[in-house]
Amino acid sequence: MNSFRVKPVAPYSYPLTVHKPAGWSLLTPYEIYEDGILWTATRMDSGQMLGLKLTSLGTIDKPEIHCVVFSEKKMDPKAKLGLIETLTWMLGAREDINGFYALGRRDPLVRALVKDLYGMRDTNRLDLFPMLTLALTLQMAPMKRSYQMMDLLIKKYGSKIVFDKKKIQYWPSPETIAKASVKELEEKCKLGYRAKHLKSIAQSLCKGFPTYIELSRMPPNEAKVKLMELGGIGEYSADIVSPHPGFPLDVWSVKIFSLLLFNKQPEKPRESIPMLKEKAEERWGEWRGYVFTYVLNDLENLSARFNANLRSL
DNA sequence: GCGTCCAGGTCTACC
DNA sequence: GGTAGACCTGGACGC
């Protein structure tokens, strides 16, 4: 067990960052968040599982996070130092988002978002395969069905780690899925046509593919092209998975942004995606990814402001 | 109860 | 290079 403290660049809201209002988990759908404490898990590139316990010791303007890391193997001082760096990066603690907040001075939508979710951050992952799995299960399916596929995959093929009297279930490793049969993935996890894509992605990762951190060090377009080399990963999925901020519009979110920007729903949602992506880049530039995250986590407040039920779209 | 439609995309065949 | 059409599954809907 190792423990250390991370001091993020202010403003930083710990609860809004690690436990987002829209309900998306930080690292695994089975993590536990109680009374401000988050128990979660991740898998290192070596395959080793880590348990994480995060607690806030500060405030939005003077943030501090206490991290306890549980690992099966003892860590040497160099590995521990690397882990502190990695967790700081995962939590988005070094990022200065004052540029995004400055946008709010001239953009009323950003102003509203910042007021509602002051200090919320985008976060990163260590582990690429869960993001690819998530992107695949989101394709061409209502949320309920996506959750069903993710749930079955984690229960049937996932890992679990027990620490601090908590049991956390975690996503399957690429090695496990690479060994599974397509038929079993189709039938046991109800993946349908996505099964062959998931297995082929797992095999590509096992043969050698850039890690999430390596993708983050590539130019954004290069990382996206690399991700799109994987079978079943198109532009939308690459935008979801890429560590670089994108604007992953789909037929659901394009309706929300059309209402927010033009006060009307698109007649042909799928066809209006390229145009809206262009608008987002023009209007918000490098901060468009932040606008995307903030909007999707602020649908309740935005619905009241814009007099439209954005959650039911 | 049964049939039909279609969903938080991607790939392929065809022109 | 542009574009229909197929693709798993299961919930919603109309009858």
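All values below were derived from every heavy atom in this structure, side-chain atoms included, with hydrogens, water molecules and symmetry-related copies excluded.
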Check for me whether the distance between the ring centres of A:Phe262 and A:Phe257 falls short of 6.0 Å.
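Ring centroids of A:Phe262 and A:Phe257 are no less than 6.0 Å from each other.
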Is it true that A:Tyr212 and A:Trp89 have ring centroids separated by less than 6.0 Å?
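Yes, the ring centres sit under 6.0 Å apart.
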[X] [atom1] to [N] [atom2], straight-line distance once rounded to whole Å:
X        : N      : atom1 : atom2 : value
A:Leu230 : B:dG9  : CG    : C1'   : 15 Å
A:Glu186 : C:dG10 : CD    : P     : 12 Å
A:Leu138 : C:dC7  : CG    : C1'   : 17 Å
A:Leu191 : B:dA7  : CG    : P     : 20 Å
A:Tyr193 : B:dC6  : OH    : P     : 16 Å
A:Leu136 : C:dT9  : CG    : P     : 15 Å
A:Arg270 : C:dA4  : CZ    : P     : 13 Å
A:Leu132 : B:dG9  : CG    : P     : 17 Å

Answer yes or no: does a side-chain N or O of [X] lie under 4.0 Å from OP1 or OP2 of [N]?
X        : N      : answer
A:Ser237 : B:dT10 : yes
A:Gln148 : C:dT9  : no
A:Arg194 : C:dC7  : no

For [N] and [M], measure between their [atom1] atoms and round to the nearest Å.
N      : M      : atom1 : result
B:dC5  : C:dG5  : C1'   : 16 Å
C:dG10 : B:dC11 : P     : 23 Å
B:dC2  : C:dC8  : P     : 25 Å
C:dG11 : B:dT10 : C1'   : 23 Å
C:dA6  : B:dT4  : P     : 16 Å

Side chain of [X]: nearest nucleotide among [options]?
X        : options               : result
A:Pro142 : B:dG8, B:dC11, C:dT9  : B:dG8
A:Met143 : C:dC7, B:dG8, C:dT9   : B:dG8
A:Lys144 : B:dA7, C:dG11, B:dC11 : C:dG11
A:Met140 : C:dC7, B:dT10, C:dG10 : C:dC7

Any strand counts, and the cut-off is 3.5 Å on both contacts for Watson-Crick or G-U wobble. Which nucleotide pairs with B:dC15?
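C:dG1 is the nucleotide pairing with B:dC15.
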Charged N to carboxylate O under 4.0 angstrom, A:Arg217 versus A:Glu214?
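A salt bridge is absent here (no side-chain N lies under 4.0 Å from a carboxylate O).
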Which residue lies toward the 5' end of DNA chain B, A:Ile233 or A:Ala141, if each is placed at its nearest nucleotide?
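The residue mapped nearer the 5' terminus is A:Ala141.
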With DNA chain B as reference, determine whether A:Ile240 or A:Met228 sits nearer its 5' end, using the nearest nucleotide of each.
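Of the two residues, A:Ile240 wins.
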Between A:Tyr12 and A:Glu64, do the side chains contain a donor N or O and an acceptor N or O under 3.5 Å apart?
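Checked: A:Glu64/A:Tyr12 side chains show no N/O donor-acceptor pair below 3.5 Å.
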Under 3.5 Å, side chain of A:Ser242 to main-chain N/O of A:Asp239, donor-acceptor pair present?
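Absent.
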A:Asp164 side chain to A:Lys166 main-chain N or O, any donor-acceptor pair under 3.5 Å?
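Not at all, since once roles are kept as given, no pair shorter than 3.5 Å links the two residues.
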How would you label the contact of A:Lys196 with the nucleic acid (heavy atoms, under 4.0 Å): base, sugar-phosphate, or nothing?
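Contact class for A:Lys196: sugar-phosphate only.
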